[in-house]
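All chains are named by letter (A, B, ...) in the order of the sequence lines, taking the proteins before the strands, and each is independently numbered beginning at 1.
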Amino acid sequence: MSHISALLVKGHLLLQLQAKGTVHPAMSIDFCDGQRWRRKSACCANATWLKGPKSCKEDDSCFCPLRLKGTSMTGADFFPIRELSTYQTKWTIKGRVTSKAPLRTFKQRNGSGQGKVFHVELLDAEGGEIRASFFNDAADKHFELLEVGKCFTLSKGQVKLANRQYNACKHRYELVFDKACQVDGVADDGKIDTVKFSVVELRSVKGKTLPCSVDVCGIVKDYDKSFAFTSKDGKDLVKRTLTLADDSGISMQVTIWGDRAKKEDSEFEGNPVVAMKGVSVKVWQGGLSGSLMEGGSLAFNPDMPEAHKVKSWWTQGGHAQSLTFISQTSGGGGARIAGKLMDVLEMKQKSEQLVNEQEMYSAYCRLSSVQLRKRDEIQPLYYNACLEPKEGNGLPCNRRVDEANFCAVCNKTVKAAPRLNLRCRFEDATGNFWVTTFHPAAEKVLGMTAQEVADIEKSEGREVVEAKLKSCYYAQILQVQLRAKPDNYNGEQRTNVSCPSAQPINRREHARFMLKEIEEMLAKAVC
DNA sequence: CCCCCCCC
């Protein structure tokens with residue numbers, strides 16, 4: 001029995017089994033690595049060589065090596081979550097609830113009315129994690145009980161293969177609890193962490209099948225302001241986009257939501273390290289971008305090896321290193337451009353053919369003209385906009401005020417500031433188009449603030465400001481965003497096209513983008 | 001047995 005010496009801690013149990021003559025030689029219990037029991041056959045379901053399936057009950061003296069409860073086989077009295085599989089039918093795990101989804105109802109597929117379900121994620125002292133779903137009666141019974149952060153023992157659930165389409169938890173299996181389940185709240189177990197990050201390098205997400213869910217740890221290289229908006233299906237959302245970077249030389253955008261996004265800007269200032277659990281990575285605009293899911297976690301400057309590693313990388317030169325930005329290949333820092341990338345000609349055609357919903361396009365092009373006159377009449381370049389914060393989102397009212405700074409919407413005299421409103425012509429090798437270019441885009445296009453434009457016009461005159469604008473023609477490559485919106489004008493159907501945002505390109509990134517295009521073209525070419 | 005995981 002040469003393998004006996006390897007059994008050590010757990011060995012006494014096998015010896016007991018052998019002493020009782022219950023181990024069938026052909027069963028080859030091939031364990032152990034000093035930590036875990038490994039055996040290929042099912043435990044109690046195939047227990048003839050134990051004491052017979054019917055006698056294998058709770059508190060029975062059945063020497064089932066895979067049912068740790070009530071034995072002294074290891075220091076742990078519970079079955080390791082990591083080891084759960086369909087080969088084990090009897091187990092009791094002890095874990096902390098690390099996340100919990102809301103209770104949902106659904107229509108039973110086989111017609112018989114409503115069902116309900118919720119799920120949690122459980123973490124145990126050995127760092128194993130698994131998702132558990134509770135159905136119907138079990139859902140009613142345990143929804144309130146299973147609070148995030150609390151510890152429980154759980155048994156009498158079914159183990160099934162995790163459905164990777166919906167389950168991002170890092171376990172091959174998931175648990176399903178029904179009426180028969182046994183769930184008990186227990187005292188907090190300090191050996192069980194509150195969250196477990198299984199960090200991967202940003203570089204590694206490039207090779208993954210997308211969409212995927214990962215845990216990451218990186219430096220907040222950049223952050224946007226939080227942004228409140230209403231989604232297409234009417235949900236009020238708040239988001240903030242961060243650019244994370246790590247020592248694998250990659251940077252990527254990750255969007256955070258809700259309260260996480262609403263934290264003060266100062267929290268994101270100074271390049272803190274963040275660890276994120278449950279970042280969903282998908283392709284967006286030809287690049288990869290992440291979104292931190294609600295059930296995930298976010299930790300600032302966490303005390304973990306990956307965080308210390310990435311921090312020292314950043315301070316010891318990483319901040320100056322040139323990184324590969326794997327999100328959309330537009331601008332760098334600040335607002336990014338959304339919309340399908342195409343050339344100017346295609347953009348023109350698409351916007352003319354628009355029928356139903358609003359569409360966004362973007363193109364690399366240059367400013368070729370600004371409309372300064374219309375039938376000899378001088379066109380205003382800006383207007384004075386009301387700065388009064390709007391109710392709800394706190395953004396400025398932005399309505400035009402009169403010469404006395406009276407805002408008709410707010411019905412009072414207000415503070416005001418100039419906002420650009422230009423009619424611009426943009427051009428690339430395929431064509432050009434005229435478009436109303438709103439303030440934020442116009443400021444980027446000119447590389448001047450509205451205040452500067454207004455000041456020059458007032459102090460130096462119209463001619464000087466016009467010359468200044470003309471000096472911007474063809475000056476830089478921009479990525480402009482075009483919004484085409486179906487509209488009704490005097491009962492006539494027409495498309496309203498505007499430019500809500502624009503950004504000078506980052507030459508380095510743009511060069512990479514063009515190289516990639518060339519490579520793709522070469523790959524397609526006949527050799 | 002469910003299955004949404006958000007936005008441009």
Side-chain angles (χ1 to χ4, degrees), chain A residues 99-121 131-139 143 157-158 160-169 174-181 210-214 224-242 253-262 276-287 289-298 327-328 330-331 334-341 357-362 393 440-441 479 481-485 500-503:
Chain A
S99 76
K100 175 176 162 182
L103 187 64
R104 285 181 301 111
T105 56
F106 59 91
K107 220 197 213 125
Q108 223 99 38
R109 193 175 288 170
N110 48 21
S112 56
Q114 291 265 298
K116 59 181 95 172
V117 64
F118 77 98
H119 45 252
V120 296
E121 283 189 12
R131 186 167 104 150
S133 301
F134 291 78
F135 281 95
N136 304 322
D137 291 352
F143 184 71
Q158 183 197 335
K160 58 173 222 171
L161 261 187
N163 184 342
R164 277 285 94 88
Q165 201 189 335
Y166 306 113
N167 178 352
C169 191
E174 59 191 25
L175 297 177
V176 175
F177 289 98
D178 254 310
K179 205 179 283 177
C181 71
L210 301 174
C212 73
S213 170
V214 291
D224 287 352
K225 292 202 181 314
S226 71
F227 175 66
F229 64 99
T230 306
S231 74
K232 275 183 198 149
D233 40 342
K235 266 185 286 185
D236 285 325
L237 299 170
V238 180
K239 70 163 183 173
R240 183 197 290 270
T241 298
L242 312 178
Q253 279 178 225
V254 179
T255 302
I256 55 176
W257 302 89
D259 288 341
R260 288 177 184 142
K262 282 192 243 166
M276 292 184 179
K277 180 186 178 62
V279 174
S280 152
V281 181
K282 15 181 107 145
V283 178
W284 169 251
Q285 293 296 303
S289 61
S291 178
L292 178 62
M293 294 302 145
E294 203 181 336
S297 300
L298 171 62
S327 299
Q328 53 200 89
S330 64
R336 298 187 197 282
I337 309 297
K340 192 177 181 324
L341 191 61
E357 275 173 58
Q358 165 179 308
E359 285 186 2
M360 296 283 205
Y361 317 116
S362 77
N393 62 11
Q479 189 184 7
Q481 181 188 48
L482 217 66
R483 183 170 55 205
K485 218 176 176 173
S501 130
Q503 180 96 303

message = Working note: A:Asn167 + A:His119, criterion side-chain contact (heavy atoms from CB on, under 4.5 Å); need CA distance, chi angles, decisive distance, verdict.
response = CA-CA 10 Å; A:Asn167 178 352; A:His119 45 252; over 6 Å; no
Check against side-chain hydrogen bond (donor to acceptor under 3.5 Å, both in side chains), A:Thr255 and A:Ser291 = CA-CA 5 Å; A:Thr255 302; A:Ser291 178; 5.6 Å; no
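For A:Lys235 against B:dC6, a side-chain-to-base donor-acceptor contact under 3.5 Å is absent. Residue-to-nucleotide contacts include a donor-acceptor pair under 3.5 Å from the side chain of A:Arg104 to the base of B:dC2. No hydrogens or angles were tested; on distance alone, a donor-acceptor pair under 3.5 Å links the side chain of A:Arg131 to the base of B:dC3.
Per the geometry, NE2 belonging to A:His119 stands 11 Å off P belonging to B:dC4, to the nearest Å. Protein atom CG of A:Asn167 is 12 Å distant from nucleotide atom C1' of B:dC2, rounded to whole Å. A:Lys239 has its NZ atom 16 Å from the P atom of B:dC5, to the nearest Å. Rounding to whole angstrom units, CD of residue A:Glu174 and P of B:dC2 are separated by 12 Å. Distance, A:Leu161 CG to B:dC3 C1': 16 Å, rounded to whole Å. The distance between atom NZ of A:Lys262 and atom P of B:dC6, rounded to the nearest whole Å, is 18 Å. We find that NZ of A:Lys107 is positioned 15 Å from C1' of B:dC2, with the value rounded to whole Å. Distance A:Phe106 CZ to B:dC2 C1': 5 Å, rounded to the nearest Å.
Across B:dC2, B:dC5, B:dC6, the shortest atom-to-atom separation from the side chain of A:Tyr166 is found for B:dC5. Closest to the side chain of A:Trp257, from the set B:dC2, B:dC7, B:dC8, is B:dC7.
Taking 4.0 angstrom as the limit, A:Ser291 places a side-chain polar atom (N or O) nearer than this to OP1 or OP2 of B:dC6.
Mapped onto DNA chain B by nearest heavy atom, A:Val176 and A:Gln165 fall at different nucleotides, with A:Val176 at the one closer to the 5' end.
The stacking criteria are not both satisfied for A:Phe227 over the base of B:dC7, which would need a centre-to-centre distance under 5.5 angstrom and an angle between ring planes under 30 degrees.
Legend: residues meeting ring-ring contact (aromatic ring centres under 6.0 Å, His included) with A:Phe177, ordered by chain and number and at least two apart, are A:Phe134. Applying the ring-ring contact (aromatic ring centres under 6.0 Å, His included) criterion to A:Phe106, with sequence neighbours excluded, gives no partner residue.
Heavy atoms of A:Ser280 sit nowhere under 4.0 angstrom from any nucleic acid atom.
We find the NZ-NZ distance between A:Lys262 and A:Lys239 to be 15.5 Å, quoted to the nearest 0.5 Å.
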